[in-house]
Amino acid sequence: MTRTLTFLCISTYFKGNDFLKALKDAGNTVFLITAKKLENKPWVREAVDEFFYVEEEEDGTYNMNEIITGLAFVMRTRPIDRVVALDDFDVEKAAHIREYFRIPGMGQTTGRYFRDKLAMRTKALESGILVPGFSALFNDDQVNRFIEKYPGPWMIKPRSEASASGIQKLSTAEELWNTIHELGDKRHAYLVEQYKPGDVYHVDSISYNGIVIFSWNSKYLAPPFDVAHGGGIFRSVTVPLDSSEEHALQTLAVDLLKAFGLKHSASHTEVIRCYDDGKYYFLETSSRVGGAHLSEMVEASSGINLWKEWARMETAEAKGENYKLPPVRKEYSGIIISLARQEWPDLSVFNDPEIVWRMNEPYHVGLVVRSKSRDKVLELMDKYAAIVQKKYHASAPAPKKPAH
């Protein structure tokens, strides 16, 4: 009789309950490493065999030496077969654990392509994928050459933060250099990138045996940077099915994930279609399910729950069995999320039959709608944005560290 497989999951944020539940339903033993401060969150406790709580360091990081020592003790009696990172911030931790204990899966070199914005841009460029002009901040002459080649405005971005946190937009060379000097000894942890106005898309996919077996393409109605820094309302909708838009996004994502060497994982890739030339440029990717409840939106239109299928696929791969994706539905969905002035906003004003999900978090309003008609989804998104703006919307300063 084959022994039960043990999965060690890591999450710096409260997320991934569907993943944990699906892992357990597939007959696995499930361990979870998370922050001590998240101990009282509503985790699906019946799906987790053992929790390991970590006290974060002052800067929010985990002491990996302590984690390795703790896991070494656990593994004397309970072997761990797979390690899964549920959030961007956990990709490097998972890779570190895999490499130390020689557990199969993505190592630190590949992991960097999904965490380090400089590594991912360099690799994409080497692989013939279009990227906006960019430069590391290591060398002053190199930065000056970049400024000459790519006129402003520019974005300065942290290499290893998730979402739009820590990003600054600058218009003149003087502003840019002032910002670089302000970064001081931390400047090597940032990059500068040409700002290209355009429509921003996200491709949410599942890779199995190095092949993208599912991808779903959506378009932000306002770029995430504008939402985070301009206090806007977050909205996204499915792109027209079987359109040139969809084919271009799918092709770029498939080429990219193949070049990056992603074997078995969910991924979330962002792409910009620039207004000036109509071309699609790679922005960034990650080896996890997209945040901001995008999985609920993808499931509404496609019928595929990214968290559950990722867990089922990981289990099949670890057991050496074949994994088969369920049938995919072809409809349209849209998501709207905003900070709210009220702690628990009354959402009864939103009563259209197309609503399939409502957000249940304090000081937030959020909805997902589904329809066979994309026009209907867009109409509801516009209608709801006007109501949210008037009755609920609150804006907060962009966080220094992202909240997921």
Side-chain angles (χ1 to χ4, degrees), residues 4-57 60-64 66-67 70-71 73-75 78-94 96-98 103 105 162-163 204 206 265-266 268 286-299 304-315 318 337 343-344 357-364 366 368 399 401-404:
T4 305
L5 292 175
T6 298
F7 279 78
L8 173 69
C9 302
I10 310 174
S11 192
T12 306
Y13 289 87
F14 171 61
K15 60 171 21 179
N17 267 345
D18 281 351
F19 185 90
L20 299 168
K21 191 170 180 311
L23 269 186
K24 193 67 193 165
D25 289 347
N28 300 300
T29 297
V30 181
F31 294 163
L32 177 66
I33 294 179
T34 189
K36 179 77 176 145
K37 67 182 183 187
L38 302 178
E39 185 174 0
N40 297 322
K41 291 286 187 183
W43 297 102
V44 279
R45 295 181 191 280
E46 67 280 8
V48 179
D49 294 275
E50 203 162 339
F51 283 88
F52 302 106
Y53 296 111
V54 178
E55 288 286 2
E56 293 179 325
E57 309 274 304
T61 58
Y62 290 8
N63 182 323
M64 287 308 296
E66 284 181 10
I67 287 176
L71 287 175
F73 182 78
V74 168
M75 288 173 71
R78 292 160 287 172
I80 289 168
D81 299 284
R82 291 292 186 274
V83 182
V84 183
L86 300 185
D87 187 78
D88 269 354
F89 288 94
D90 308 310
V91 169
E92 285 148 319
K93 301 182 190 87
H96 185 122
I97 292 165
R98 289 186 202 107
I103 294 168
S163 78
D204 296 279
I206 297 174
S265 184
H268 172 77
S286 54
S287 55
R288 45 93 183 170
V289 173
H293 298 284
L294 293 175
S295 56
E296 281 86 347
M297 175 200 163
V298 170
E299 183 176 12
I304 299 297
N305 181 309
L306 292 162
W307 289 109
K308 286 182 187 169
E309 295 312 318
W310 182 16
R312 288 183 60 235
M313 180 270 292
E314 287 271 8
T315 302
I337 292 179
E343 184 176 8
W344 295 106
W357 176 84
R358 293 166 186 267
M359 195 167 185
N360 186 27
E361 288 177 31
Y363 296 106
H364 279 82
V368 170
K401 188 177 179 208
H404 283 211

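Contact check for I97 versus I10: side-chain heavy atoms found under the 4.5 Å cut-off. F31 places none of its side-chain heavy atoms less than 4.5 Å from the side chain of C9. F19 has its side chain out of reach of L306: every pair of non-hydrogen atoms, C-beta onward, lies at least 4.5 Å apart. Here the side chains of V48 and W43 are not in contact, with every heavy-atom distance at 4.5 Å or above. Side-chain contact between E50 and T29 is absent, with no heavy-atom pair separated by less than 4.5 Å. Between D18 and V289 the shortest side-chain heavy-atom distance does not fall below 4.5 Å. Side-chain contact between R78 and T6 is absent, with no heavy atoms from C-beta onward closer than 4.5 Å. Counting heavy atoms from C-beta outward, S11 and D90 have side chains that approach closer than 4.5 Å.
Between F89 and Y13, the ring-plane angle classifies as tilted under the 30° and 60° cut-offs. Ring geometry, H293 versus W357: the interplanar angle falls from 30° to 60°, so the pair is classed tilted.
The salt bridge (Lys or Arg N to Asp or Glu O under 4.0 Å) check on E39 picks up K36, with sequence neighbours excluded. R312 meets the salt bridge (Lys or Arg N to Asp or Glu O under 4.0 Å) test with E309; sequence neighbours excluded. Contacts of K308 classified as side chain to side chain donor-acceptor pair (under 3.5 Å), with partners at least two apart in sequence or in another chain: none.
Here L5 contributes atom CG and D81 contributes atom CG; the two are 4.5 Å apart, rounded to the nearest 0.5 Å. Separating the CZ atom in F51 from the CG atom in L38 is a distance of 10.5 Å, to the nearest 0.5 Å. Note that the OH atom of Y53 and the OG1 atom of T34 stand 7.5 Å from one another [nearest 0.5 Å]. Interatomic distance, CG of N28 versus CZ of F7, reported as 4.5 Å (0.5 Å rounding). With values rounded to the nearest 0.5 angstrom, I33 atom CD1 is found 4.5 Å from L71 atom CG. Taking CD from E299 and CG from D204, the interatomic distance works out to 12.5 Å, rounded to the nearest 0.5 Å.
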For W310 and N305, run side chain to side chain contact (heavy atoms under 4.5 Å, CB included): C-alpha distance rounded to whole Å, both residues' side-chain angles, the deciding distance at 0.1 Å, then the answer.
CA-CA 8 Å; W310 182 16; N305 181 309; over 6 Å; no

Intermediate values then yes/no, side-chain hydrogen bond (donor to acceptor under 3.5 Å, both in side chains), T12 and K93:
CA-CA 10 Å; T12 306; K93 301 182 190 87; 3.2 Å; yes

I would like to know whether E57 and Y62 meet side chain to side chain contact (heavy atoms under 4.5 Å, CB included); could you show each step before the answer?
CA-CA 6 Å; E57 309 274 304; Y62 290 8; over 6 Å; no

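Here the closest non-hydrogen pair linking I337 and A292 is CD1-O, 3.4 Å. In this structure, G27 and T4 approach most closely via the heavy-atom pair O-CG2, 3.0 Å. For S287 against S265, the heavy-atom pair with the smallest separation is O-OG, 3.4 Å. Minimum interatomic distance between E361 and W344 (heavy atoms only, all atoms of both residues): C-CZ3, 3.6 Å. Closest approach of V44 to N17, counting heavy atoms only: N-OD1, 3.0 Å. Nearest heavy atom pair, residue K21 against residue A47, reads CA-CB, 3.8 Å.
A donor-acceptor pair under 3.5 Å links the side-chain atoms of D49 to the main chain of V30, judged by distance alone. Listed for the R98 side chain is a donor-acceptor partner under 3.5 Å among the backbone atoms of V83. When atom types are taken as modelled, the side chain of H96 and the backbone of A94 share no donor-acceptor pair closer than 3.5 angstrom. Between the W307 side chain and the K15 main chain, no donor and acceptor come within less than 3.5 Å of each other.
With salt bridges taken as basic N to acidic carboxylate O contacts below 4.0 Å, one links D88 and R288.
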